[in-house]
Every structure is written in C-alpha cells, then in structure tokens.
Engineer: 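Below you will find the structure I want to go over with you.
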Protein chains: 2
Amino acid sequence: MNLQDSCIIRHFNHFCRLSDDDKKLLLRLEESPGHVKAGSVLWQEEDPASEFCTLSRGWAYSYRNLGDGSRQILEIYLPGDIIGLREFAFSQRLAGVAMIDDGVICHFPHRRLLDIFNQSTTLTAILFAISSRQQALLTERLVNLARRTAHQKLAHFIYEMYLRLLQTGALSDGDFRLPLSQEQLADTLGLSAVHVSRTFSAFREQGLVLRERHHVTLPDPEALARVAEFDDCYLNDSVRPIFFDGTEAAMRMSNAHSGDEGPVPK
Amino acid sequence: MNLQDSCIIRHFNHFCRLSDDDKKLLLRLEESPGHVKAGSVLWQEEDPASEFCTLSRGWAYSYRNLGDGSRQILEIYLPGDIIGLREFAFSQRLAGVAMIDDGVICHFPHRRLLDIFNQSTTLTAILFAISSRQQALLTERLVNLARRTAHQKLAHFIYEMYLRLLQTGALSDGDFRLPLSQEQLADTLGLSAVHVSRTFSAFREQGLVLRERHHVTLPDPEALARVAEFDDCYLNDSVRPIFFDGTEAAMRMSNAHSGDEGPVPK
DNA sequence: CGCGGTCTTGACGACACTCAAGATGTGTGG
DNA sequence: CCACACATCTTGAGTGTCGTCAAGACCGCG
C-alpha cells in the first residue's frame, strides 16, 4: 500500500506534517481495511472492546439503546474520523456503532496503541488532540440537548454538519447530502420523528432549510447559525494544521490564542 | 514534599502502581498547590488555556453560559479528578470551571504534558484512560439529558454521585453530603429549579431520597437505581486498580472482559 | 401492482416551564 | 440578641412545547 493511501495517515496529516518514520509506524498498526454495507453494525454495546477503526469512506454513528425501546445517537462519524477511542480504558463497548452509508473502514487493535505511545511523541499528542476534539463535539451536543428548543436543536445540528463538511473540503456552498433519516435525526436530537418533520416544515416556510430526501440546501447559512445561537469555537481551534511538531508544540499551544480569526464570518 | 502527599500521584495510583521514576516525573510537573474559596472561578469560557488542574480537596464543576442567560453544568469534579483535559487541543477554554466548596488545587502547565509523553508510556496510558473515563461520564450524562424524565434524571444523577463517592472510599452507606443547590442541580440536569424541588418532594413521599440542606440519605439505593434504569458499566471498568503496567497492559486490555466481577454489588 | 419504509399533518394530552407568593434558613450589622 | 436582607426552597395556578396516537400521502422496490 502506498503511504498516501492510508486513511489513518491522511487523517493525522490534518494536524501535522508527519515524518516518514511516523508514517511507517502508523501503517504498521493498520490491518484489514474492508468494505461495510449501509446499516451494518460494527459492534454493539457490551461487546468486548479490542480495536479501533478509522472511517475511510461513508458515514457512521454510535448509539445507546435504552430500556424503553428508544435509543440515543451519540455522535456522527465522517470520513477520516477515528471510531472507538471512547473505550480505551474499558474492556467492553459502551455504545454500539453502525454504518449509515456503504463505506470502508480500517481496523487496528487496541494494544498497539501502546506501541505508538512508546515510539512517537508526535503521534501520541495528535491522538490526544483527536480525543480532545471528539470530547468537545460531545460537550456541544450535550448543551444542545439540555438547553435548546426543537428548532434550535435541529438548526444547530445541521449547521454543525455544514461546518464539519466544509472543514473536510468536501463542500463549497450551502448544499450537501445529509444521509440521515428523520428518525435518525430524532434519535440524535432527543426528539420524536414527528416533531422533526414539523420542524423541517417550519424551516421550509421560513426559507431556512430545504430538505429533499437525503439532500439539504441552506439558502442563508448565517441565518441558520443565528437561529441556533451557534458558537463555532469548539470546531475551529482543534484542526489548525501543523499543530504539533515535537517540542515546539508546547510554545504554540500556550500562546496560539492571539490574533485568531475563524474561517466563518461573524 | 513527600511523594505520598502529591494529589496527582494519589490519583494515578488508582490505576496502577507507579515506579519511583514515574512518581518523580509527576512531581516535577506539579506547581503551586493552593487553596481556593467556594464559588471562586478557576477560569471562564474563552480564557486562554495553558494549564491543567488536579482537584485535591473540595468539589468543582464546569459550565457553559448560554445566550438566553441560562447555563449548563457539564460535569462535577470530585477530589482526585483532573480538570481541563478537555482543552488539550485548544488554545481557549471551552467551558468555565468554578468551585462548589472551599478546596485545594494543584496546577501544572499544558506544555509539560509532552514531557510525560516523552518519558513514560505508563503515565501516558493512564492519562489516556482518565480522559477516556471522563468521556464516558459525559456520554452517560448526555443520554440522561436527552431521553429521560425529570424523575429519572434526578435519580440517575444522585445514584451516579453515590457510586462515585463509594469508589473513592469516602462512603459506606447511603448517607452523604451533596453540596449542590437545587439551582445547580437544575443547571446540571437541564431542568428548572422549581421542578427539581417538586421532584425531591415526590422522592421524599416515596421514601426514595431524603434531602436535608446539603445532605442526602438513600434508604434503599437499589430502588433508586431501578427508577433511574441505572447501568453501571460505564463506572466499573475504568478504575480497576493496576490496570496498566508497561507492555503487559496490552495483554490485559485485550482479554480483560472474561470473568469480570465489578466492585459494586449487583 | 402492491407492499413497506419514510414522511406529513391533525387532534389530543402530559410533562415541565414560567410567574408569583410565601416559607424557611443564614449571615450581617446594629 | 434581635432585626433585616438575602438566598434557597416550597407550593400553587396557568401555559406551552413537544410526545403519542392515528390516518393518509408519497416513494422506491420487488
């Protein structure tokens, strides 16, 4: 496999230019990339946890099933994301993971993470940063669920997806594929599917969001951000390219907050 | 300072017996332990992020303020917890942190984390595990906020606190200090303070929870767990003592799920 | 063509919010 | 030691957002 074909290496390169040694180390950790079908379950809650995955193509989500038959979707994974970091300290899965689309994933076993810790400080720091960013996404979703109205929840979610897709460069205008059903959106936002439908209807009448099957257009993304009271600092900072490079990262981290301007106009 | 007086070392010892070298490394990272008053703010959202803290005595919480004047409490920190790991990849704070009690905290600067990555695989793995556990707590709170009734939310929160206090060994029966006001509980659970009061009244009549000022008694903790539909796997696994010891940790991690028995009675 | 999944729309109801007034407890200063 | 102010908590009444139930429309697929 060519070094540039690795989905892990591509993902890590978002944070920092890697040395060839680091690239080789990453590549050795990678096993059995494979195709998975839409709807297939990578693992379920309480399965033994022994590996991570990198999502190379397609969308996925993690979820928890509840006693009353409902479920909660915890996070949406896009191409390039690492899945399963959550369970590093656990022997069991805390959440299930399923594919939304057809896709491609790469597996690498839990225990080999220690090889990384042993051999590359740079990669260790990047892993920590990735975990840190995932936690930031989770925190923002928590606030969204706890404190906002149905309109704000949906607006916030759609705008977050819009920004994340912008960052991966897969997008230029307010027009993109959103392969989630309304029921999946409801499970993500702690709403009923019926109410998601109503909210979309309201957005359509206001010209905020137009949804057609699995496609979404945002005539005025900024208006949507205002409805959601969106604050994008939890998405901006962490993906700054070339964030770490050995010991100099320390200096950058402690004074990088001067003179910021985010990619999104206020 | 004696090695055993360090609050960081005590905390890390929960996971693994440390070598003297590791202990010295930790100790060098520790700076300026100090007293802080109840209600004081360690930092606010969007402050520059340049250090972590370990909470040695007292309780603390992290929070986000929202546009409409309300706020959301994200997590409750107990003695021994590390504060601020969330912002490792960020140059700004994503959430404020304030003290609930009078307490004692130890600071250590962000950049020195890289020293740990460089010098000790064991400590790196423990830090990852701690971050992983915090993410598990956050995830559970998210499910709690999204999908449960007010009764379940409050029951779940109280029972989680009960288990966490049990784990720190600060507790033997269902009788403990809970220094949060009803308004703080409301901000944690996404409810109004009024409704928290009503819910406590209901619990009192049912004999589930007796709350008196900042003190709580649980006549029947298991009954409370049933009301909350509490599943404790997110708390059990990660604090297993002597979880990592160098390379052998790898083996333990990949097969630790056979024949488990948690520390908490079923 | 008929079936099943997804979405839409309506009617009704419940859980939790807001507003408001009063009770209780606590700390401060006279 | 009392008086007062202030925070916290309690309880009631009225309202609204969102869930549930249900029927029907739309669409892709076999």
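In what follows, chains are A, B, ... by sequence order, proteins preceding strands, each numbered from 1.
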Engineer: Which of the following nucleotides, C:dT9, C:dC19, C:dT6, is nearest to the side chain of B:Val194?
Structural biologist: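 Of the options given, the side chain of B:Val194 lies nearest C:dC19.
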Engineer: Establish, with yes or no, whether the OP1 or OP2 oxygen of D:dT8 is under 4.0 angstrom from a side-chain nitrogen or oxygen of B:Ser197.
Structural biologist: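 For D:dT8, OP1/OP2 do not have a side-chain N/O of B:Ser197 under 4.0 Å.
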Engineer: Rounded to whole angstroms, how far apart are NE2 on A:His195 and C1' on C:dG13?
Structural biologist: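 The answer, rounded to whole Å, is 15 Å.
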Engineer: In whole angstrom, what separates A:His151's NE2 from D:dG16's C1'?
Structural biologist: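 Computing the A:His151:NE2 to D:dG16:C1' distance gives 13 Å.
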Engineer: Is any side-chain nitrogen or oxygen of B:Gln182 closer than 4.0 Å to OP1 or OP2 of D:dA7?
Structural biologist: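 For D:dA7, OP1/OP2 do not have a side-chain N/O of B:Gln182 under 4.0 Å.
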Engineer: Take the protein atom NE2 of A:His214 and the nucleotide atom C1' of D:dC27, then report the distance between them rounded to whole Å.
Structural biologist: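 Nearest whole value for this atom pair: 12 Å.
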Engineer: Looking only at side-chain N and O atoms, does B:Glu160 offer a donor or acceptor that is under 3.5 Å from a partner on B:Tyr234?
Structural biologist: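 B:Glu160 and B:Tyr234 do have a side-chain donor-acceptor pair below 3.5 Å.
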Engineer: Would you kindly compare A:Ser192 and A:Arg213 by the position of their nearest DNA chain D nucleotide and give the one closer to the 5′ end?
Structural biologist: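 Comparing both residues, the 5'-ward one is A:Ser192.
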Engineer: Hey, mind stepping through A:Arg177 and A:Asp101 against salt bridge (Lys or Arg N to Asp or Glu O under 4.0 Å) and telling me if it holds?
Structural biologist: CA-CA 11 Å; A:Arg177 208 174 67 89; A:Asp101 278 327; 2.8 Å; yes
Engineer: In whole angstroms, how far is the C1' atom of D:dT20 from the CG atom of A:Leu191?
Structural biologist: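 Taking CG of A:Leu191 and C1' of D:dT20, I get 14 Å after rounding.
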Engineer: With the threshold set at 4.0 Å, does a side-chain nitrogen-carboxylate oxygen contact exist between A:Arg148 and B:Asp68?
Structural biologist: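 Answer for the salt bridge query: no.
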Engineer: Starting the side chain at C-beta, find the nucleotide from D:dA13, C:dA16, C:dA11 nearest to B:Arg198.
Structural biologist: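 The answer is D:dA13.
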Engineer: To the closest 0.5 Å, what do you measure between CD1 (A:Ile105) and OG (A:Ser40)?
Structural biologist: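 The OG atom of A:Ser40 is 7.5 Å from CD1 of A:Ile105, to the nearest 0.5 Å.
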Engineer: When all nucleic acid strands are considered with a 4.0 Å heavy-atom cut-off, which category describes A:Val196: base, sugar-phosphate, or nothing?
Structural biologist: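 Nothing, no heavy atom under 4.0 Å.
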Engineer: Within this structure, what is the CG-to-P distance between B:Asp68 and C:dC17, rounded to whole angstrom?
Structural biologist: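 Going from B:Asp68 (CG) to C:dC17 (P), I get 13 Å.
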Engineer: Given C:dC7, D:dT8, C:dA16, which nucleotide is nearest the side-chain atoms of A:Ser181?
Structural biologist: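 Given the options C:dC7, D:dT8, C:dA16, the side chain of A:Ser181 is closest to C:dC7.
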Engineer: Rounded to the nearest angstrom, tell me the gap between atom CZ in B:Arg148 and atom P in C:dA16.
Structural biologist: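 The answer, rounded to whole Å, is 13 Å.
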Engineer: Figure out the CZ/C1' separation between B:Arg211 and C:dT24, and round it to whole Å.
Structural biologist: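 For the pair B:Arg211 CZ and C:dT24 C1', the rounded distance is 13 Å.
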Engineer: Taking 4.0 angstrom as the limit, do A:Arg93 and A:Glu87 come out as a salt bridge?
Structural biologist: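 Salt bridge flag = yes for A:Glu87 with A:Arg93.
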Engineer: Could you tell me how far apart A:Lys153 (NZ) and D:dT17 (C1') are, to the nearest whole angstrom?
Structural biologist: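 Between C1' of D:dT17 and NZ of A:Lys153: 10 Å.
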Engineer: Taking OP1 and OP2 of D:dT10, is either one under 4.0 Å from a side-chain nitrogen or oxygen of B:Arg204?
Structural biologist: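 Yes, because at least one side-chain N or O of B:Arg204 sits under 4.0 Å from OP1 or OP2 of D:dT10.
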